[in-house]
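Heads up, the thing below is written out as structure tokens.
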Amino acid sequence: MMTMTLQTIWQLIRRWLMRFWVPLVVVLTLLTTAVMTTTFLLHRQQVTVKISNVPIHTERGVLAPGAGVLKKGEHLQILKRESGWYEVRREDESKAWVAGWLVERTQPLSKLSPLSEATVVLDPGHGGSDSGALSNHDQYEKKYTLELAKKVEAELKSHGTRVIMTRDTDKLVALPDIPKIAEMRHSDMFISFHFDSAPESNSASGYTTYYYHTKNGSKDLASAVNTAISPEMPKNMPNKGVAFGDYLVLRDNKVPAILMENGYINSDRDFNHFKTARFQQKIADALPYGLERYLEEHKK
């Protein structure tokens, strides 16, 4: 009797499974997907600090008031992600803002400074069909602006900086779009790299740092950068200092923005300097100190 009962139950189960197997598979698939998605989202909203002494702030941004530092191994809940920054809840339930790229960083930095928390947009002038000015031997400006920008990018990243390039290949970026990149990415500073050109070959020499706005810190940034690179520049290349420049990438820029003319491309003397990796690396090495000085002077 018991055997018959078990057989009957099994037959009923088989009939039910054969009739409802499709809906059952769908339900199981949906449940599995829901569990996996929930697990993924929970994991995404949690992070463990991997390096020591990461600064935190009361508001988003490197210039916001400080609120202490995070310890290595500290567990955080991410409440909000905004422009590379995280609003987090700490283990003691307090809230703060932190540079997301530093929280996610696995390799320690030799020094954590305000520059490590900054977002910097680098703009290698010209590109693609816009070759820029020509040297006396028909070399394009666009080539050397990109070479220089890439060296600066690498140096800034070694400081922990979040770097955004308007271009990293030989392509044209529409001029009106360039300042928009800085605004959309909420950058702290914008630097456009160029090489000057005079009406006549070998009639001018030197380097100039341009700004347009004064109230948003652009002039201060230009002064800090010009001062930082000056000792590293060739003695026979005059420092023309800081000057007002009515350039679209500066004029239409809402963040502190400068444009660096790093020598005259149709000056054989200047060109022989800045075409070398050594010259470009000297600017790349010096420039972060100017940016750090600017940030230190403008912290709240």
Side-chain angles (χ1 to χ4, degrees), residues 121-155 165-179 190-212 218-219 221-253 257-287 290:
V121 171
L122 302 181
D123 173 44
H126 310 287
S129 59
D130 176 10
S131 62
L134 282 174
S135 75
N136 295 332
H137 303 286
D138 296 328
Q139 295 296 304
Y140 296 144
E141 179 185 359
K142 66 176 183 177
K143 172 186 176 183
Y144 300 100
T145 59
L146 184 57
E147 287 180 355
L148 175 57
K150 284 185 173 182
K151 287 183 173 59
V152 174
E153 176 191 23
E155 189 61 31
M165 300 277 284
T166 59
R167 69 179 181 98
D168 54 14
T169 59
D170 183 17
K171 68 177 183 180
L172 177 66
V173 180
L175 201 59
D177 291 340
I178 292 174
F190 170 94
I191 306 171
S192 187
F193 297 100
H194 288 263
F195 296 97
D196 221 330
S197 182
E200 296 183 11
S201 297
N202 296 312
S203 63
S205 173
Y207 57 98
T208 312
T209 311
Y210 289 98
Y211 67 92
Y212 182 86
S218 294
K219 186 176 182 180
L221 178 59
S223 296
V225 168
N226 186 268
T227 299
I229 68 170
S230 180
E232 305 302 322
M233 300 296 273
K235 301 302 181 185
N236 61 355
M237 185 183 287
N239 183 357
K240 296 190 171 186
V242 171
F244 173 82
D246 189 8
Y247 300 106
L248 185 146
V249 295
L250 303 183
R251 184 177 65 247
D252 291 0
N253 219 316
I258 62 173
L259 186 148
M260 299 173 66
E261 295 278 12
N262 299 288
Y264 281 76
I265 196 167
N266 63 345
S267 160
D268 290 338
R269 183 175 64 193
D270 286 10
F271 180 74
N272 286 334
H273 285 306
F274 70 66
K275 72 178 182 179
T276 66
R278 183 172 179 268
F279 173 96
Q280 296 167 14
Q281 191 59 51
K282 281 192 171 185
I283 292 180
D285 290 340
L287 200 147

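Quick caveat, the model's predicted, so the values are computed rather than measured.
Phe244 has its ring centre no less than 6.0 Å from the ring centre of Tyr210.
With a 4.5 Å cut-off on side-chain heavy atoms, Ile229 and Met260 count as touching. When side chains are defined from C-beta on, Ile283 counts as touching Met233, because their heavy atoms get closer than 4.5 Å. The closest side-chain heavy-atom distance from Tyr247 to Leu259 is below 4.5 Å. Contact annotation: the side chain of Leu287 approaches that of Ile191 to within less than 4.5 Å [non-hydrogen atoms, C-beta and beyond]. Between Ser230 and Tyr207 the shortest side-chain heavy-atom distance falls below 4.5 Å. Under the 4.5 Å side-chain criterion, counting only non-hydrogen atoms from C-beta, Met165 is in contact with Glu153. Put simply, the side chain of Asn236 reaches to within 4.5 Å of the side chain of Arg269, judged on heavy atoms. Between Tyr211 and Leu221 the shortest side-chain heavy-atom distance does not fall below 4.5 Å.
With Thr166 as the partner, the side chain to side chain contact (heavy atoms under 4.5 Å, CB included) test is satisfied by one option alone out of Ile178, Leu122, Val249: Ile178. Checked options Tyr144, Tyr264, Phe195, Phe279; the residue passing with Phe271 is Tyr144 (criterion: ring pair (Phe, Tyr, Trp, His ring centres under 6.0 Å)).
Under a cut-off of 6.0 angstrom, the local environment of NZ in Lys151 is crowded, with over 12 non-hydrogen atoms contributed by other residues, nucleotides or ligands.
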Self-check item: Leu146 and His126: CA distance, side-chain angles, deciding distance, side-chain contact (heavy atoms from CB on, under 4.5 Å) verdict
Solution: CA-CA 9 Å; Leu146 184 57; His126 310 287; over 6 Å; no

Quiz item: Are Glu155 and Gln281 close enough, and set up right, to give a side-chain contact (heavy atoms from CB on, under 4.5 Å), and what steps lead you there?
Solution: CA-CA 9 Å; Glu155 189 61 31; Gln281 191 59 51; 3.8 Å; yes

Quiz item: When you look at Asp123 and Phe190, which way does the side-chain contact (heavy atoms from CB on, under 4.5 Å) test go after all the steps?
Solution: CA-CA 8 Å; Asp123 173 44; Phe190 170 94; 3.7 Å; yes

Practice problem: Apply side-chain contact (heavy atoms from CB on, under 4.5 Å) to Asp285 and Glu232, showing your working. | Solution: CA-CA 9 Å; Asp285 290 340; Glu232 305 302 322; over 6 Å; no

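When all heavy atoms of Gly125 and Arg167 are compared, the closest pair comes out as O-NH2, 3.2 Å. When all heavy atoms of Leu175 and Pro179 are compared, the pair lying nearest together is O-CD, 3.3 Å. Taking each heavy atom of Gly241 and Asn239 in turn, the nearest pair found is N-OD1, 2.8 Å. Scanning both residues, Ser192 and His194, for their nearest heavy atoms gives OG-NE2, 3.1 Å. Nearest heavy-atom pair, Ala243 versus Thr208, reported as atom, atom and distance to 0.1 Å: CB-CG2, 4.0 Å. Here the closest non-hydrogen pair linking Asp270 and Ser205 is OD1-OG, 2.7 Å.
Using modelled atom types, one side-chain atom of Thr276 and one backbone atom of His273 make a donor-acceptor pair closer than 3.5 Å. Of the possible polar contacts, one joining the Lys150 side chain to the Asp168 backbone as a donor-acceptor pair under 3.5 Å is found. Of the possible donor and acceptor atoms, none in the side chain of Asp170 sits under 3.5 Å from a partner among the backbone N and O of Lys143.
Lys142 has no carboxylate O lying under 4.0 Å from a charged side-chain N of Asp130, or vice versa, which leaves the two without a salt bridge.
The NZ atom of Lys282 sits 14.0 Å away from atom CG of Leu148, with the distance rounded to the nearest 0.5 Å. In this structure, CG in Leu134 is found 7.0 Å from CD1 in Ile265, a value given to the nearest 0.5 Å.
Remark: Thr209 engages Asn226 in a side-chain hydrogen bond (donor to acceptor under 3.5 Å, both in side chains) (not counting sequence neighbours). Applying the ring pair (Phe, Tyr, Trp, His ring centres under 6.0 Å) rule to Tyr140 yields no partners; only residues at least two apart in sequence or on another chain are considered.
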